[in-house]
Amino acid sequence: MDTEKFLQYVQAENKVEPKDMMPEDYRKLLVRQISQHAHSEVVGMLPEANWITRAPSLRRKMALLAKIQDEAGHGLYLYAATETLNNGEIAADRDSTYNDMLSGKAKYSSIFNYPALSWADIGAIGWLVDGAAIMNQVMLMGNSYGPYSRAMLRICKEESFHQRQGYEILMTLCRGTKEQKQLAQDALDRFWWPALMMFGPNDDASPNSQKSMNYRVKRESNDSLRQRFVDVTVPQAEFLGLKIPDKNLKWNEETGHYDFGDLPWDEFNEILKGNGPCNKKRLETKRKAQAENAWVKEAAIAYASKVKELTK
Ligand code: 3HC
């Protein structure tokens with residue numbers, strides 16, 4: 001495989017398809033990123049699922065159910081996109097990647113290791129977490145791998161509904177009683193910094209960025225996307241009458257961006273080591289679900305082989 005030629009191909013904005021020849025490190029980078037993206041989608045269902053039975057109205061419950069079902073679908077697209085990279089050398093099949101997550105070997109987004117403590121947290125998750133995810137996923141629509149880029153097109157459309165329903169939950173609370181507005185402020189206080197951490201380490205501490213940029217997977221750097229998210233989100237918080245929990249946040253006339261404080265990277269690194277508030281609980285829940293629902297997979301496989309037998 002002539003990597004130089006391949007780099008010229010992707011850098012000329014051409015898409016790579018599953019059957020195309022590709023350098024092994026391109027394939028490896030994609031299996032890592034797309035499978036971890038899929039893990040984030042399916043683990044991300046857990047904090048929200050906790051609030052389905054506690055939603056304050058039928059309308060809120062329906063919107064939350066729809067969002068959670070969307071996330072499951074996003075996980076499905078992304079596991080399917082990962083499997084298109086399966087070449088027998090790098091294990092990109094569903095079982096291998098999923099079990100890597102269950103064993104703690106593979107990552108999912110740090111944000112899902114925080115608990116959703118109040119209904120306002122469900123609003124903050126929609127507004128901030130899905131808002132940050134949209135920022136990152138719109139960028140990924142332009143990535144060089146065809147199946148991943150196309151999955152992003154569909155996912156981004158659904159994410160904007162997620163973000164809007166979250167923001168509307170907070171708008172309702174902020175226009176409610178003093179206690180309800182305080183719930184919204186507490187949720188912002190708890191989710192602001194974890195949402196900024198979703199974009200990954202600073203560029204100078206991001207080991208995968210250079211290669212990912214060269215291969216036109218990552219199209220914009222972690223810090224640049226994080227900055228864009230801050231610039232867009234601060235006015236939204238102001239509109240709600242909420243205060244961003246960052247005493248260093250200040251509009252910089254010169255740069256045309258908000259300056260903001262350093263992120264709590266020690267906390268981030270602890271979470272990546274598995275020591276976040278909910279890491280253990282999330283993996284336990286997923287391991288238990290896999291064991292309890294193994295019969296569904298067995299039945300589906302048995303049914304598929306029968307159909308194959310009968311239609312030979
Ligand atoms: N949480 C967990 N791990 C993270 C992380 C985070 N927020 N940010 C970075 N990391 C990990 C990386 O995976 C990498 O570890 P690895 O080499 O073992 O995979 C390491 O930290 C160094 O980070 P890099 O910046 O070098 O890694 P990348 O170049 O891969 O950039 C990324 C990190 C920006 C998250 C990139 O992987 C990416 O864009 N991934 C796809 C998008 C994604 O996964 N989003 C997660 C949220 S999805 C979501 O929120 C669902 C929505 O519906 C709510």
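Sequence positions, counted from 1, serve as the residue numbers for this chain. Read the numbers this way: they start at 1 and go in the same order the structure lists the ligands and their atoms.
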- Task: Verify whether one side chain among N99 and Q290 offers a donor that lies under 3.5 Å from an acceptor in the other.
- Result: yes
- Taking non-hydrogen atoms only, is N136 closer than 4.0 angstrom to ligand 1 via side chain, backbone, both or neither? side chain
- Task: Mark the output for P207 as yes if a heavy-atom distance to ligand 1 is under 4.0 Å, and as no if none is.
- Result: yes
- Query: So, is M197 polar-close to ligand 1, with some N/O to N/O distance under 3.5 Å?
  - Reply: yes
- Item | Exceeds 12 heavy-atom contacts within 6.0 angstrom, atom CZ of R54 | yes
- Task: Identify, by atom number and element, the atoms of ligand 1 in contact range of Y148, meaning under 4.0 Å from any of its heavy atoms.
- Result: 41 (C)
- Message: Between E284 and K280, is the salt bridge (charged side-chain N to carboxylate O under 4.0 Å, His left out) condition met? List the steps.
- Response: CA-CA 6 Å; E284 262 158 36; K280 290 184 183 48; over 6 Å; no
- Just by distance, with hydrogens left out, do N143 and Y215 show a side-chain donor and acceptor under 3.5 Å apart? no
- Under 30°, 30 to 60°, or over 60°: which ring-plane class applies to W265 and F268, parallel, tilted or perpendicular? perpendicular
- Who's the nearest protein heavy-atom neighbour of atom 25 (O) of ligand 1, and how far? S206 OG, 2.8 Å
- Message: Whether the D203 and S206 side chains hold a donor-acceptor pair (N or O, under 3.5 Å, no angle test) is what I'd like checked.
- Response: no
- Side chains of D223 and Q227: is there a donor and an acceptor less than 3.5 Å apart? no
- Item | F112, Y108, F199: member with heavy atom nearest to atom 2 (C) of ligand 1 | Y108
- Kindly identify the option in E41, K107, R32, M198 whose heavy atom sits closest to atom 11 (C) of ligand 1. K107
- Residue, atom and distance of the protein heavy atom nearest atom 54 (C) of ligand 1 read D130 OD2, 3.5 Å
- Do the side-chain N and O atoms of R190 and Y114 include a donor-acceptor pair separated by under 3.5 angstrom? no
- Query: In the protein, which heavy atom is nearest to atom 52 (C) of ligand 1, and how far is it?
  - Reply: E159 OE2, 3.4 Å
- Message: Can you tell me how far apart CG (D231) and OG1 (T255) are? Round to the nearest 0.5 Å.
- Response: 7.5 Å
- Contact with ligand 1 for I271, non-hydrogen, under 4.0 angstrom: no
- Donor-acceptor side-chain pairing of H162 and E159 below 3.5 angstrom: yes
- What protein heavy atom is closest to atom 5 (C) of ligand 1, reported as residue, atom name and distance in Å? F268 CZ, 3.7 Å
- Determine, considering heavy atoms only, which of P201, G200, A132 sits nearest to atom 23 (O) of ligand 1. P201
- Any heavy atom of L272 under 4.0 Å from ligand 1? The part involved is side chain
- At what distance, to the nearest 0.5 angstrom, does CZ of F260 lie from CG of L196? 6.0 Å
- Message: With rounding to the nearest 0.5 angstrom, report the CD to OG distance, E220 to S209.
- Response: 11.5 Å
- Task: Could you tell me the residue and atom name of the protein heavy atom closest to atom 28 (P) of ligand 1, and the distance to it rounded to 0.1 Å?
- Result: K218 NZ, 3.5 Å
- Contact atoms of ligand 1, heavy-atom distance to Q36 under 4.0 Å: 13 (O), 19 (O)
- Query: For ligand 1, is any non-hydrogen atom under 4.0 Å from I155's backbone (N, CA, C, O), its side chain (CB onward), both, or neither?
  - Reply: neither
- Query: Are H39 and Y79 linked by a side-chain donor-acceptor pair shorter than 3.5 Å?
  - Reply: yes
- Query: So, are E168 and R60 salt-bridged, with charged N and O less than 4.0 Å apart?
  - Reply: yes
- Query: Nearest to atom 14 (C) of ligand 1, what protein heavy atom do you find, and at what distance?
  - Reply: N208 ND2, 3.5 Å
- State if S212 counts as touching ligand 1 under the rule of any non-hydrogen atom under 4.0 Å. no
- Are any of the N or O atoms of E71 closer than 3.5 Å to those of ligand 1? yes
- Message: Can you report which non-hydrogen protein atom sits closest to atom 7 (N) of ligand 1, along with the distance?
- Response: S110 OG, 3.0 Å
- Item | Sub-4.0 Å protein heavy atom next to atom 32 (C) of ligand 1 | no
- If we only count N/O pairs under 3.5 Å, is N222 in contact with ligand 1? yes
- Task: Would you mind checking which non-hydrogen protein atom is closest to atom 40 (N) of ligand 1, with the distance to 0.1 Å?
- Result: Q33 NE2, 3.5 Å
